[in-house]
Amino acid sequence: MILSREFYARPTLDVTRDLIGKVLVHDTPAGRTSGVIVEAEAYIGESDPACHAAPGPTARNAPLYGPPGVAYVYLNYGMHYLVNAVTELEGSPAAVLIRALEPLEGEPLMRRRRARGTRRRAASFDAFELCRGPGNLTRAMGITLQRNEFDLTTSALRIEDRRIPPRKVVWSRRIGINVGVEHEWRCYDPESRAVTRDRGEGRDKGEGTREKI
DNA sequence: AGAATGATCCTCT
DNA sequence: GAGGATCATTCTC
């Protein structure tokens, strides 16, 4: 079942949490790829300095101001496409960045896309490595700027509820930003091997989850 | 363990 | 013309 527009027309943090366990699907001439969302981040409004809407409306961030349930895709660092799902009502700029997936369909195609242009062989990729990180998952799924503003409720790029058993979720600070770091708006399944490894801030908690190999 | 680096290009001032 | 919601690898301490 494809997620409805109403699903996205809610507070962004609710949508972020509820997207964990849903399935991102992309159909292309090369075939279908899909994966279970296990990590996502919320970017909320012009008052969130890390949100692309922070400077006010521009040509690039226009989709954020549009209706919910639409894809916002943009190029980051000159080489990575990042995909977001626009949330909340039209005129209220907010979105959820999809950060990691567990591959479901089209894993061989994902391997080929990830290996393309590199020295690595397609077979050398670990399954959980294919869609770990927002730039990696768009590469594996063949998502480019061309998909910007696509309707996630009807198009070849969509998010479905496939009744995957509920995932455990935890919240943390967002990754890869220097402003708005105080918000714990990153939501992920701590037991998924596809989740981005936590670099950056040292852990000050007594929760010594320092992993050894 | 943490910092630096390079690939690479669209968007806004 | 500067600066990114990155990633993997290579450095330095």
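Proteins get letters first, then strands, A, B, ... in listed order; numbering begins at 1 in each.
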Next item on the list: Rounded to the nearest angstrom, tell me the gap between atom CG in A:N76 and atom P in B:dC12.
Entry: 14 Å

Check: Can you tell me if the side-chain N/O atoms of A:H80 get under 4.0 Å from OP1 or OP2 in C:dA5?
Finding: no

Next item on the list: For side chain to side chain donor-acceptor pair (under 3.5 Å), just list the numbers for A:R186 and A:T196, CA-CA rounded to whole Å, side-chain angles, deciding distance to a tenth of an Å, and then say yes or no.
Entry: CA-CA 11 Å; A:R186 169 177 175 245; A:T196 317; 5.0 Å; no

Check: Please give, in whole Å, the distance from C:dA5 P to A:I177 CD1?
Finding: 9 Å

Item checked: Length of the line joining A:Y74:OH and C:dG4:P, which is rounded to integer Å -> 12 Å

Item checked: Value in whole Å for how far the P atom of C:dT6 lies from CD1 of A:I143 -> 16 Å

Checklist line | Under 3.5 Å: donor-acceptor pair, side chain of A:R10, backbone of A:F7 | finding: yes

Next item on the list: Write down the distance between CG (A:N136) and P (C:dC7), rounded to a whole number of angstrom.
Entry: 5 Å

Notebook entry, point to check: When we call it a touch if two heavy atoms are under 4.0 Å apart, what does A:P55 touch: a base, just sugar-phosphate, or nothing?
Noted result: nothing

Notebook entry, point to check: Which residue lies toward the 5' end of DNA chain C, A:L82 or A:R120, if each is placed at its nearest nucleotide?
Noted result: A:L82

Note to self: What I want to find out is whether A:K168 reaches A:E191 closely enough, with some N-O distance under 4.0 Å, to be called a salt bridge.
What the structure shows: yes

Notebook entry, point to check: Atom CG of A:N61 and atom OH of A:Y72: how far apart are they, to the nearest 0.5 Å?
Noted result: 5.5 Å

Next item on the list: Considering just the side-chain nitrogens and oxygens of A:T58, establish if one lies under 4.0 Å of OP1 or OP2 belonging to B:dC12.
Entry: yes

Margin query: Between A:G135 and A:L75, which residue's closest nucleotide on DNA chain C lies nearer the 5′ terminus?
Written below: A:L75

Next item on the list: Mind calculating the distance between CZ (A:R60) and P (C:dG3) to the nearest angstrom?
Entry: 15 Å

